[in-house]
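Here is the structure we will look at.
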2 protein chains.
Amino acid sequence: MTQTQFRYCGLNVALKTLTGKWKPMILFHLFRTEEIRFNELWRIIPKVSKKVLLQQLGQMEEDGLLTREERKGFPPEVYYRISEKGRALGSVLAQLEAWANTYAPQQVQQVFDSEKHVQPFD
Amino acid sequence: MTQTQFRYCGLNVALKTLTGKWKPMILFHLFRTEEIRFNELWRIIPKVSKKVLLQQLGQMEEDGLLTREERKGFPPEVYYRISEKGRALGSVLAQLEAWANTYAPQQVQQVFDSEKHVQPFD
DNA sequence: CAAGAAGGTCACCAAAAGGTAACCCGGTTA
DNA sequence: TAACCGGGTTACCTTTTGGTGACCTTCTTG
C-alpha cells in the first residue's frame, strides 16, 4: 500500500504555477531546446496570441520556472531557458504525462488529434 | 543528469483534471479519510460555496478521480471516496507538494497563513 | 527614405471560473 | 403542522483568463 502524504498548501502553490493554457507546451519546448527566442516559440506554438504568450512567459519568470535574457544588439533578441527550479519539475511532469497516458488515453489522444492538423512539429 | 521525457498532451490532460480552486484541498481530504459525506466536506472546507464545491466534485467524478455513492434512506447521504485513478496520483501530488516546499517555501507559508485563521483543523 | 524584424504594450472584448442567495424535494422530528 | 436535515439546482453577478488588432521602438537593409 502506497502511503502517500501530502498537504494541500504546497500542492496549491505548485498547481498555480503550472496552470495556464499554454504553460505545458512552453515547458515542453523549454525542456527540449535548452534556449529559445521569443519569436521562435511564438511561431512553433500554434494559435497563441502574442500578448498571452508573453504574459504566460512573464508569470513563469516571476514564478522562477524560467529565465529571460535580453541579448541586446541588432534586432534585440530575448532568450528563454528553463531554470533550476523549473528543471526540478521535470520528473514530476513526466509522471503526470505517464499518468494521463495510462488512465485517460482517449482524452490524451483527443488533445493530440485536435492539434496535429495545426502543427506538424517533429 | 535527469533525462526527463514528456510530451505536453498528457500533461495538459492531467493538469486540466487537477485545476480548480478547491481540488487540491478536496484531494487532500479524500486521501486522508477514505470516505466522506458531502456536508462533512463542506463544513471542513472553509469558505467554499455549496454550488462550487458540488461542481468541483462533479468534475472530479466525471474525470474519474473519485466515486460518488448515494446511500438512500433517512436523510439521503452521499459518500465520496478517492478512486483507483485518483489514488494513482498520490505519489505525484506528494512530489508536487515537496517541490513547492523546497523551491517556494515562502509562498507555501503564505497560503498556510492565509487559511489558518479560518480553519484550525488538525 | 521606406520597409521590415524583434520584442513588447495598450484598449477593448469574450468566455470561463467562482460566489451569493433563494429555492426545491423527501423524510424526520418537535 | 412547522421546522429541520442532507443534497442539490437555479438565476444572477463579479473576477479572471484568454484573444484581437493596432501601435511603438530601435536598428538594419533595399
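Letters go in sequence order (proteins before strands), and every chain restarts at 1.
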Return all side-chain donor-acceptor pairs below 3.5 angstrom for residues 70-77 of chain A, not counting sequence neighbours, or 'none' if the list is empty.
| residue | atom | partner | partner atom | Å |
| --- | --- | --- | --- | --- |
| A/E70 | OE2 | A/R68 | NH1 | 3.2 |
| A/E70 | OE2 | A/R68 | NH2 | 3.0 |
| A/R71 | NE | A/E69 | OE2 | 3.4 |
| A/R71 | NH2 | A/E35 | OE1 | 3.0 |
| A/R71 | NH2 | A/E35 | OE2 | 3.3 |
| A/E77 | OE1 | A/Y79 | OH | 3.1 |

Would you grab the first and last nucleotide of DNA chain D (5' to 3') that comes under 4.0 Å of any non-hydrogen atom in chain A?
-> D/dG18 to D/dC27
For nucleotides 25-30 of chain C, give me every protein contact, N/O to N/O, under 3.5 Å, one pair per line with atom names.
none

When every nucleotide of nucleotides 8-23 of chain C is labelled 5' to 3' by its protein contacts under 4.0 Å (heavy atoms), B for base, S for sugar-phosphate only, - for none, what sequence of letters results?
-> BBBB------BBB---
Test side chain to side chain donor-acceptor pair (under 3.5 Å) applied to B/Q109 - qualifying residues, sequence neighbours left out = B/D113
Could you tell me which residues satisfy side chain to side chain donor-acceptor pair (under 3.5 Å) with B/Q95, sequence neighbours excluded, listed by chain and number?
-> A/Q95
Can you find a pair of side-chain heavy atoms, one from B/L18 and one from B/K23, that are under 4.5 Å apart?
-> no
Of all the heavy-atom pairs spanning A/L15 and B/P24, show the shortest one and how long it is.
-> CD1-CG, 3.8 Å
Bend angle of the helix from C/dC1-D/dG30 to C/dA30-D/dT1, from helix axes over five pairs at each end, nearest 10° = 20°
Qualifying residues under side chain to side chain contact (heavy atoms under 4.5 Å, CB included), relative to A/T33, sequence neighbours excluded = A/I36
For A/L41 and C/dA6, what is the distance between atoms CG and P respectively, to the nearest whole Å?
-> 14 Å
Could you tell me which residues satisfy side chain to side chain donor-acceptor pair (under 3.5 Å) with A/K85, sequence neighbours excluded, listed by chain and number?
-> none
Partner set under salt bridge (charged side-chain N to carboxylate O under 4.0 Å, His left out) for A/E34, not counting sequence neighbours | A/R87
First locate atom NZ of B/K47, then atom CH2 of B/W22, and finally report the distance between them rounded to the nearest 0.5 Å.
-> 8.5 Å
Do B/W42 side-chain atoms and B/V48 backbone N/O form a donor-acceptor pair below 3.5 Å?
-> yes
Could you tell me which residues satisfy side chain to side chain donor-acceptor pair (under 3.5 Å) with B/N101, sequence neighbours excluded, listed by chain and number?
-> B/E97
Does some side-chain heavy atom of B/N12 sit less than 4.5 Å from a side-chain heavy atom of A/V108?
-> no
Identify, with sequence neighbours excluded, every residue that meets side chain to side chain contact (heavy atoms under 4.5 Å, CB included) alongside A/K16.
-> none
To the nearest angstrom, how far is A/I36 atom CD1 from C/dG7 atom C1'?
-> 15 Å
